Amino acid sequence: MNTNKRRAITLASAVLLVTATGCSTKAEDGGGATTSEDGVKIGRGIEGDVISLGSLTDLTGVFAALGTDITNAQALYWKTLNADQKICDTYTVEEIVKDHGYDTQRGIQLYSSVKEDVLALEQTIGSPINTGLAQQLEADSMVNIPGAWAQSLTEVAENTVVGSTYEVEMINVLDYLLQEGEIEEGAKIGHIYFEGEYGEGGLAGSEFFAEQHDMEVVEVQIQPTDTDMTAQVTKLKSEDVDVIAMTVAPGQTASIAGVAAASGLNVPLAGNNPVYAPGLLDTPAGDALKANLYVASPVAPFDQKPEILKAYQAEYDNDPTLGVMFGFAAADVMRQILEKACEDGDLTPEGVLAAKESIGTVDTGGIAVPLEFVVGESPSNASYIFKADDVPGGAVSVSDLYEGEDVATFVQGG
């Protein structure tokens with residue numbers, strides 16, 4: 001885990017003395033915040049020596065496997081940090097977790113129930129929910145880590161997108177397939193995508209890539225509730241596509257792979273996060289996924305960070321997804337922002353936002369792609385590319401950090 005170095009012994013001893021008495025004495029500063037004895041402003045979401053962070057996650061909907069692993073990983077991350085370094089050598093972190101089941105209105109309602117109690121949100125799953133919260137996040141100076149990668153989310157200063165946008169990911173995975181000879185110039189791309197920003201972002205990436213390489217895109221839109229992809233794959237087979245791009249949930253990915261294999265459509269399947277879950281390998285589509293699926297991801301597979309897998313499996317008895325890696329990465333990004341705010345002397349919501357905006361390049365030690373938070377831009381142009389396989393997490397790296405040649409010319413939001 002990538003953590004800041006411990007402070008000098010004299011300062012650490014002083015902080016430990018303060019912590020032993022229940023945290024530093026606070027003085028009113030007249031602006032709604034208070035100031036601790038060591039001069040750090042604090043406000044909403046901090047009580048005594050405890051920082052509260054919120055999670056608006058999906059534990060029961062279409063991304064339940066992802067949400068569960070992100071939530072578990074973040075709980076483990078903070079448990080480990082709380083037992084050792086703490087934030088600013090003083091504050092432990094507690095989490096307030098709410099399950100919205102990938103229901104946009106419920107997610108927005110749950111935000112209202114936690115916003116007065118948390119300093120920031122370390123996880124909010126779902127592009128529609130994050131979009132619906134945009135104005136409230138701005139009004140509340142609520143730094144938020146979306147479990148979503150839509151371009152529009154980067155345009156809200158409070159959002160801290162951990163990874164490349166959907167457009168960039170799709171460009172990267174298609175570029176990888178082109179460079180590896182899995183597809184050729186002038187190929188026909190079939191793209192099955194969700195209605196909404198997730199699907200439409202991936203589609204924008206494939207359309208941009210197609211323009212650069214004399215390719216054609218055959219698009220097929222679906223609803224998140226659609227499960228049987230027979231009609232969609234049959235249409236793409238009739239169009240004689242050379243690759244199927246997907247911005248869908250894992251259930252639809254399995255259906256696409258299974259139907260394609262059964263119909264003799266043996267083409268690469270190109271997905272962008274969060275299109276895949278390792279449990280799909282236990283379905284009838286498992287062999288087809290291992291043969292044909294390539295995914296662009298904001299985080300590395302476990303073969304790049306085996307120590308995280310070992311720590312997670314020691315704590316939880318389940319088959320982990322790469323949501324574990326994202327959970328660790330997001331928590332580490334939040335830690336670095338909070339540490340920066342502390343160094344700046346301001347742990348109020350406004351101070352945390354200012355720290356996020358001024359932090360520069362964020363390195364999670366290779367858990368996630370390198371990140372730089374500039375409003376309106378993808379935080380990264382790189383992705384990890386993996387294939388499905390029978391290993392923990394269901395994924396093996398086929399490339400280290402990958403940045404396609406076309407990404408540099410892609411105009412964000414254009």
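Worth saying up front: this structure is predicted, and the values here are computed from it rather than measured.
Annotation: Asp228, atom CG; neighbour count of heavy atoms from other residues, nucleotides and ligands within 6.0 Å is above 12. The number of heavy atoms from other shown groups lying within 6.0 Å of NZ (Lys98) does not exceed 12. Remark: Glu184 CD is loosely packed, at most 12 non-hydrogen atoms of other residues, nucleotides or ligands lying under 6.0 Å away. Counting non-hydrogen atoms of other residues, nucleotides and ligands closer than 6.0 Å to CG of Asp319 gives a total of 12 or fewer. Summarising the local packing, CD of Glu185 is surrounded by more than 12 heavy atoms from other residues, nucleotides or ligands at distances under 6.0 Å.
The side chain to side chain contact (heavy atoms under 4.5 Å, CB included) test with Ile337 is passed by exactly one of Leu353, Val362, Asp332, Thr160: Thr160.
The nearest pair of heavy atoms linking Phe208 to Asp406 is CE2-O, 3.5 Å. Across all non-hydrogen atoms, the minimal contact from Ala270 to Leu174 is CB-CD2, 4.0 Å. Of all non-hydrogen atoms in Leu281 and Gly394, the two that sit nearest each other are CD1-CA, 4.1 Å. The minimum heavy-atom distance linking Asp242 with Pro268 is given by the pair O-CD, 3.4 Å.
Side-chain atoms of Asn72 do not come within 3.5 Å of backbone N or O of Val324 as any donor-acceptor pair. Asp69 contributes a side-chain N or O that, together with a main-chain N or O of Thr321, makes up a donor-acceptor pair within less than 3.5 Å. Without hydrogens or angle criteria, Gln123 side chain to Thr57 main chain gives no donor-acceptor distance under 3.5 Å. In this structure, Thr247 contributes its side chain and Tyr193 its backbone to no donor-acceptor pair below 3.5 Å. The closest donor-acceptor contact from the side chain of Asn82 to the backbone of Val93 lies under 3.5 Å. Although no hydrogens or angles enter the test, the distance criterion places no donor-acceptor pair under 3.5 Å between the side chain of Asn144 and the main chain of Asn159. At least one donor-acceptor pair closer than 3.5 Å links the side chain of Arg44 to the backbone N or O of Asp140. Judged by distance alone, the side chain of Gln304 and the main-chain N or O of Val396 form no donor-acceptor pair under 3.5 Å. Checked by atom type and distance alone, the side chain of Asp344 never pairs as donor or acceptor with a backbone atom of Ala355 at under 3.5 Å. A distance-only check finds no donor-acceptor pair linking the side chain of Asn318 to the backbone of Pro320 [under 3.5 Å].
The side chain to side chain donor-acceptor pair (under 3.5 Å) check on Asp99 picks up Thr60, with sequence neighbours excluded. Judged as a ring-ring contact (aromatic ring centres under 6.0 Å, His included), and not counting sequence neighbours, the contacts of Phe63 are Tyr102. Listed by chain and number, the residues in a side chain to side chain donor-acceptor pair (under 3.5 Å) with Asp346 are Thr348 (sequence neighbours excluded). Judged as a ring-ring contact (aromatic ring centres under 6.0 Å, His included), and not counting sequence neighbours, Phe373 has no contacts.
Counting heavy atoms from C-beta on, the side chains of Trp149 and Asn130 never come closer than 4.5 Å. The shortest distance between side-chain heavy atoms of Glu182 and Tyr294 falls below 4.5 Å.
Side-chain polar atoms of Tyr111 and Thr124 form no donor-acceptor pair below 3.5 angstrom.
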Please tabulate, for the side chains in residues 194-204, all donor-acceptor contacts under 3.5 angstrom to protein atoms that are two or more places apart in sequence or on a different chain.
from: Glu195; atom 1: OE1; to: Gln223; atom 2: NE2; distance (Å): 2.9
from: Glu197; atom 1: OE1; to: Thr131; atom 2: OG1; distance (Å): 2.5
from: Glu197; atom 1: OE1; to: Ser152; atom 2: OG; distance (Å): 3.2
from: Glu197; atom 1: OE2; to: Ser152; atom 2: OG; distance (Å): 2.2
from: Tyr198; atom 1: OH; to: Val248; atom 2: N; distance (Å): 3.3
from: Tyr198; atom 1: OH; to: Val248; atom 2: O; distance (Å): 2.8
from: Tyr198; atom 1: OH; to: Asn272; atom 2: O; distance (Å): 3.3
from: Glu200; atom 1: OE2; to: Gly196; atom 2: N; distance (Å): 3.3

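Rounding to the nearest 0.5 Å places CD of Glu207 at 11.5 Å from CD of Glu216. Note that the OG atom of Ser52 and the CD atom of Glu94 stand 5.5 Å from one another [nearest 0.5 Å].
Sorted pairs that involve residues 142-152 and meet salt bridge (Lys or Arg N to Asp or Glu O under 4.0 Å), not counting sequence neighbours, are lacking altogether.
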**Request:** Start with the C-alpha gap between Glu169 and Ser383, add the side-chain angles, then the distance that decides, and say whether side chain to side chain donor-acceptor pair (under 3.5 Å) holds.
**Result:** CA-CA 6 Å; Glu169 286 189 334; Ser383 303; 4.9 Å; no
